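Let me begin by presenting the structure, written as structure tokens, before commenting on it.
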Amino acid sequence: MTNAYDFSFTSIDGTPLPLTTFRGKPVLVVNTASKCGLTPQYEGLEALYREYRDQGLVVLGVPCNQFAGQEPGTEAEIKAFCEVKFDVDFPMTGKVDVKGDARHPFYAWAEEKLGEGAVPVWNFHKILIGADGEAVQAFGPRTEPQDEGLVAAVKESL
């Protein structure tokens with residue numbers, strides 16, 4: 001696998017979601033959870049998406065139940081929660097594993113490209129993919145969506 005465009009997820013609605021859909025756009029891939037202390041980051045992620053989407057930014061939410069069982073719901077429940085509670089408009093995938101042997105292949109690739117820092121240690125870990133499909137940088141769960149370094153990396157990728 002050479003870049004992020006070689007991977008595909010399933011959307012939260014159950015349809016194929018190949019990352020080639022976002023070719024030419026930077027993508028901030030974020031593993032999410034509805035019952036986490038960091039869940040309010042959805043608000044910041046949506047604000048970031050709305051501020052930069054017209055310039056090409058895509059935020060991609062990736063629900064995951066691997067951290068303290070904080071994303072136990074079905075895809076329909078997760079989607080409804082995100083839309084009602086946080087007015088989330090950015091694309092979301094179906095629920096996947098992001099670490100361990102059964103992790104989605106995208107996460108193995110990100111670790112290969114960016115090192116251990118790309119392996120999610122908790123919910124709301126962020127991986128920035130450049131408009132060329134290359135892995136740019138990983139940001140830990142406590143890095144807020146409006147963090148200066150994250151925003152600077154996003155702007156540079158636009």
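The model shown is predicted, which means the values in this text are computed figures rather than measured ones. The first residue in the sequence is number 1, and the count goes up from there.
Of the inter-residue distances, the one linking Tyr49 atom OH with Phe90 atom CZ reads 9.0 Å to the nearest 0.5 angstrom. If you take CE on Met92 and CD on Glu83, they are separated by 9.5 Å, rounding to the nearest 0.5 Å. With values rounded to the nearest 0.5 angstrom, Trp109 atom CH2 is found 8.5 Å from Leu19 atom CG.
Hydrophobic clustering keeps Val119 apart from Val30 (ILVMFWY residues linked when any side-chain heavy atoms are closer than 4.5 Å, directly or through intermediates). In this structure, Leu60 is a member of the same hydrophobic cluster as Val151, with clusters built from ILVMFWY side-chain heavy atoms closer than 4.5 Å.
Scanning both residues, Glu144 and Gln41, for their nearest heavy atoms gives OE1-CG, 3.7 Å. Nearest approach of Ala153 to Phe139, heavy atoms of both residues: CB-CZ, 3.8 Å. The shortest heavy-atom contact between Thr93 and Pro63 is O-CD, 3.2 Å. Closest heavy-atom contact between Ser34 and Glu71: OG-OE1, 2.9 Å. Glu46 and Asp89 get closest at one heavy-atom pair: OE1-N, 2.8 Å. Taking every heavy atom of both residues into account, Leu128 and Val154 meet most closely at CD2-N, 3.9 Å.
Classification of the Tyr42-Phe86 ring pair by plane angle, with boundaries at 30° and 60°, yields tilted.
No more than 12 heavy atoms of other residues, nucleotides or ligands lie within 6.0 Å of CD in Glu43, so this atom counts as exposed by the packing criterion. More than 12 non-hydrogen atoms from other residues, nucleotides or ligands lie less than 6.0 angstrom from CD of Glu134.
Side-chain atoms of His125 do not come within 3.5 Å of backbone N or O of Ala138 as any donor-acceptor pair. Under the 3.5 Å distance criterion, the side-chain polar atoms of His104 are matched with a main-chain donor or acceptor of Ser8.
Using a cutoff of 4.0 Å between basic side-chain nitrogens and carboxylate oxygens, Lys126 and Asp147 are not scored as salt-bridged. Here Lys79 does not pair with Glu75 in a salt bridge; the nearest charged N to carboxylate O distance is not below 4.0 Å.
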Query - side chain to side chain contact (heavy atoms under 4.5 Å, CB included) between Lys113 and Ile127, intermediate numbers included - result: CA-CA 11 Å; Lys113 295 294 184 180; Ile127 299 171; over 6 Å; no
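Residues meeting the ring-ring contact (aromatic ring centres under 6.0 Å, His included) test with Phe67, sequence neighbours left out: Trp122.
Using a 4.5 Å heavy-atom cutoff, the side chains of Val121 and Pro141 are in contact. Two residues are said to be in side-chain contact when any heavy atoms from C-beta on lie closer than 4.5 Å; Asn31 and Tyr107 meet this criterion. Taking 4.5 Å as the limit, every side-chain heavy atom of Ile129 sits out of range of all side-chain heavy atoms of Tyr5.
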